[in-house]
Amino acid sequence: MLFLFNLGIFDKTLSEVIRVVNFIKASALNNRLFDQLCTDMGAEHTHLLFHTEVRWLSKGRVLTRFYELRHEIHAFLIQKKVRSCRITH
C-alpha cells in the first residue's frame, strides 16, 4: 500500500515537472531566456531535458536535471509571473 501511495506522488511530481519543462521548452523565446538566465546564474547546465515516454531512464534524467536547475527554474517562473506551477526550492 505504501508503494502505491509513493507511486502516486511520483506520478504527480513527474507530471508537474514535465509541465514546467514543456512550458520552458515549447517556446523558442522562453528556451533562450532560460538558457541565458542559467548562464547568468552560473549554473552547471543551461538546458532542460525533454521526457521521452518510451524510455524509463529518461524520467530519471529529466528529474535529475530539473533538480539540478531548480533554483534557476524557480527564478525563471517568477520572472515570467507563472503562478500555476507548484515548484518550491
Side-chain angles (χ1 to χ4, degrees):
M1 184 62 108
L2 183 59
F3 174 74
L4 293 176
F5 176 74
N6 288 339
L7 188 58
I9 291 172
F10 176 77
D11 285 342
K12 288 178 185 177
T13 301
L14 184 61
S15 294
E16 188 69 18
V17 165
I18 291 170
R19 196 164 68 87
V20 171
V21 170
N22 287 342
F23 171 76
I24 294 171
K25 299 288 278 182
S27 160
L29 177 60
N30 278 353
N31 198 31
R32 283 193 309 271
L33 290 173
F34 182 73
D35 288 352
Q36 186 61 51
L37 177 72
C38 289
T39 300
D40 293 347
M41 291 180 74
E44 183 178 342
H45 305 289
T46 59
H47 299 310
L48 289 170
L49 303 175
F50 270 123
H51 165 65
T52 306
E53 276 295 327
V54 180
R55 297 176 49 198
W56 174 257
L57 191 57
S58 169
K59 293 177 183 180
R61 288 182 178 149
V62 169
L63 290 172
T64 299
R65 181 65 57 91
F66 190 90
Y67 181 77
E68 291 171 350
L69 292 171
R70 68 193 180 280
H71 300 292
E72 291 80 4
I73 292 169
H74 187 254
F76 183 79
L77 295 176
I78 288 172
Q79 225 175 23
K80 287 293 202 172
K81 296 179 175 67
V82 175
R83 300 206 187 280
S84 61
C85 298
R86 296 175 303 249
I87 305 297
T88 60
H89 60 111

Any chance you could measure H71, atom NE2, to L37, atom CG, to the nearest 0.5 Å? 12.5 Å

R70 side chain to Y67 main-chain N or O, any donor-acceptor pair under 3.5 Å? yes

Taken in chain and number order and not counting sequence neighbours, the residues that satisfy side-chain hydrogen bond (donor to acceptor under 3.5 Å, both in side chains) with Q36 are D40

Applying side-chain hydrogen bond (donor to acceptor under 3.5 Å, both in side chains), which residue pairs with at least one partner in residues 20-32 are found, sequence neighbours left out? N30-K80

Would you say the side chain of F23 lies within less than 4.5 Å of the side chain of F76, judging by non-hydrogen atoms? yes

Please round to the nearest 0.5 Å and tell me the distance separating atom CD1 of I18 and atom CD of E16. 10.5 Å

d(I73 CD1, I78 CD1) to nearest 0.5 Å is 12.0 Å

Review item, side-chain donor-acceptor pairs of residues 41-50, under 3.5 Å, at least two apart:
residue	atom	partner	partner atom	Å
H45	NE2	E68	OE1	2.8
H47	ND1	D35	OD1	3.2
H47	ND1	D35	OD2	3.3

